[in-house]
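In this text, all values refer to a predicted model and were calculated from it rather than measured experimentally. Per chain, numbering begins at 1; letters A, B, ... match sequence-line order.
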Number of protein chains: 2
Amino acid sequence: MRTVVTERAETSADSDPSLAAEAETRRAADSSERAYNTIRKLLVEFKLKPGERINEVQLSRSLGVSRTPIREALNRLASEGFVSLTPNRGFFVRSLSTEGLLDLYEFRSIIECAAFKLMCERADDSEIDRLRSYWEAIVDAYPDQPPDVILAEDEGFHLLIAELSGNPELVGQLSSINARIRFIRRIQIEHPSHDKAQITSHSAIVEAAVKRDAENGTKLLREHIEMTVSATQQALKDALLKVFAPDNGAELKRRRRARDA
Amino acid sequence: MRTVVTERAETSADSDPSLAAEAETRRAADSSERAYNTIRKLLVEFKLKPGERINEVQLSRSLGVSRTPIREALNRLASEGFVSLTPNRGFFVRSLSTEGLLDLYEFRSIIECAAFKLMCERADDSEIDRLRSYWEAIVDAYPDQPPDVILAEDEGFHLLIAELSGNPELVGQLSSINARIRFIRRIQIEHPSHDKAQITSHSAIVEAAVKRDAENGTKLLREHIEMTVSATQQALKDALLKVFAPDNGAELKRRRRARDA
DNA sequence: GAACGCAATAGTGTCGACACTTTCTTGACG
DNA sequence: CGTCAAGAAAGTGTCGACACTATTGCGTTC
């Protein structure tokens with residue numbers, strides 16, 4: 001008997017509209033799951049700001065569920081490094097510093113290079129061909145897609161390499177990393193500094209894969225990622241500024257609102 | 001301001017005696033944490049068997065807490081890959097097949113080699129010296145230690161390399177991997193096939209570190225881990241046999257106990 | 001005699017409540 | 001005026017209860 005693992009890794013772009021709305025109608029059966037997705041989205045989009053304390057009651061009200069599923073979701077997010085937990089004080093949004101981000105990218109580079117190498121050793125020709133055709137199918141339209149699509153396709157490309165490595169651990173890890181850096185990648189894609197060099201990178205990587213040239217392929221990958229990192233640096237600074245500067249006085253209101261009907 | 005992450009990674013060898021006993025006296029304040037440690041231990045030691053469905057009520061009784069902290073612990077364990085969650089059916093002990101174990105070891109090898117390389121590039125002399133002295137301090141007594149100590153010291157050695165890489169992500173990942181394969185490493189250490197070649201491996205690795213010889217060091221590491229893997233294969237088979245054979249009929253009692261005052 | 005429902009039971013998912021801890025407010029004292 | 005302490009308020013950690021879902025056992029039909 002095969003045990004089905006739920007894999008809640010990727011559920012990118014849906015599931016948060018109408019969470020509260022639906023709550024009235026249905027008796028809810030997967031509040032935890034939905035809470036998880038919603039909260040993660042809030043984190044990824046900086047709606048919950050780094051370092052901020054997370055108020056469970058407030059969150060549970062805005063999502064229209066009780067605190068229990070909120071806590072379950074937060075526990076999972078804590079294991080995944082999105083938030084941290086201090087006993088008796090609650091959950092805090094993990095502050096993703098520039099430094100931490102670099103570590104994450106470095107980790108990503110390690111995973112991807114290893115995956116590529118393993119793919120070269122193990123994948124059979126038809127599998128390599130899957131990679132090639134995946135890329136060829138999207139390459140033409142690629143630069144003209146909206147940011148969301150570019151991001152998804154890019155992640156798909158790299159994730160496929162991980163899959164072809166034959167090691168599910170790598171796939172899981174890369175998924176997790178992707179989720180954690182997605183927000184910044186999105187920002188970077190929308191940032192003026194984003195250029196089309198990615199395309200040639202990907203094409204070159206595919207080429208190396210077809211030739212089973214692990215050495216050159218990993219070099220390309222490493223450079224590809226490093227290039228992204230440096231391009232991301234400025235974008236990150238701009239983004240952080242944007243997050244902390246336009247203070248629409250939400251904090252102040254919070255103080256007042258004590259008792260609401 | 002630096003946010004301190006709680007890091008529940010390592011709490012190796014304690015925290016489960018007197019869990020139920022203490023529950024009477026104190027009003028409990030960290031049941032979740034304790035449940036987490038206890039359950040993880042149960043998993044690691046095969047007290048909860050691979051593929052088995054986890055009964056929350058049963059668990060909560062035996063730990064003397066309500067289901068809430070149990071579920072929080074299980075959620076964390078699910079994120080970490082120890083158990084899986086199927087909606088409306090509950091948590092299942094993740095079946096760690098031989099195959100899955102190989103993937104895990106491979107992943108470990110990837111992390112460790114990368115860490116070593118980074119360490120060679122970045123660690124200053126005093127840090128490298130910490131590694132050297134760590135090993136020199138324990139090497140003589142090493143082979144004569146009890147299995148628990150050997151395991152802890154070995155993990156400490158490899159973890160130190162990860163720390164010296166300067167990338168906290170790697171440390172976290174390696175901790176997590178260690179926890180997941182600890183049970184089998186223990187079995188392997190106690191197994192007759194365990195030999196003292198580890199010692200010379202570690203010494204050689206230290207030597208390479210001192211010389212900042214990344215290439216040779218990673219090669220040694222890779223071989224070191226691969227050697228462990230192959231030595232582990234037979235030990236694993238023996239262990240699995242031992243786990244599934246002695247059925248002490250605990251299941252039957254469960255049927256009777258329906259209503260208790 | 002086997003397949004199919006159907007009721008009874010076991011078990012999960014969620015909720016609201018309460019005890020305890022931390023944080024904020026207020027007022028006395030130096 | 002600033003510091004500190006006591007009380008109030010807010011918030012977390014845990015519990016028991018209940019609604020809903022899956023599973024098991026039993027009787028019916030073909």
Does the pair Lys47(A) and Glu52(A) meet the rule for a salt bridge (Lys or Arg N to Asp or Glu O under 4.0 Å), with working shown?
-> CA-CA 10 Å; Lys47(A) 296 279 170 59; Glu52(A) 197 178 88; over 6 Å; no
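Residue Glu72(B) contributes atom CD, which lies 12 Å from atom C1' of dC15(D) at whole-angstrom precision. Residue Phe92(B) contributes atom CZ, which lies 11 Å from atom C1' of dG11(C) at whole-angstrom precision. Rounded to whole angstrom, the span from the CG atom of Asp30(A) across to the P atom of dA19(D) amounts to 20 Å. Look at CG on Asn55(A): it is 15 Å from C1' on dT21(C), rounded to the nearest Å. Spacing between atom OH of Tyr36(A) and atom P of dT14(C) amounts to 16 Å, rounded to whole angstrom units. Distance CD1 (Ile70(A)) to P (dT14(C)): 11 Å, rounded to an integer number of Å. Rounded to a whole Å, the CG atom of Leu59(B) is 12 Å from the P atom of dG11(C). Whole-Å rounding puts the Leu85(B) CG to dA22(D) P distance at 13 Å.
In terms of phosphate contacts, Ser31(B) brings a side-chain nitrogen or oxygen within less than 4.0 Å of OP1 or OP2 of dT14(D).
Side-chain proximity of Arg53(A) to dT12(C), dC15(C), dT12(D): nearest is dT12(D). Counting only heavy atoms from C-beta on, Ser32(B) has its side chain closest to dT14(D) among dT14(D), dC15(C), dT12(C). Relative to the side chain of Pro69(A), the nucleotides dT14(C), dT12(C), dT12(D) differ in distance, and dT14(C) lies closest.
Looking at Asn167(B), its side chain does come within 3.5 Å of a backbone N or O of Asp103(A) through a donor-acceptor pair.
One distance of note links CG of Leu170(B) with CG of Leu118(B); it measures 6.5 Å at 0.5 Å rounding.
With respect to the salt-bridge test (charged N to carboxylate O, under 4.0 angstrom), the residues Glu190(B) and Arg186(B) qualify. Looking at Glu112(A) and Arg108(A), a side-chain N of the basic residue comes within less than 4.0 Å of a carboxylate O on the acidic one, giving a salt bridge.
Residues Asn88(A) and Thr68(A) both approach DNA chain C. Their nearest nucleotides, taken by heavy-atom distance, put Thr68(A) toward the 5′ side.
As judged by a 4.0 angstrom heavy-atom cut-off over every strand, Ile54(B) is placed among residues touching the sugar-phosphate backbone only.
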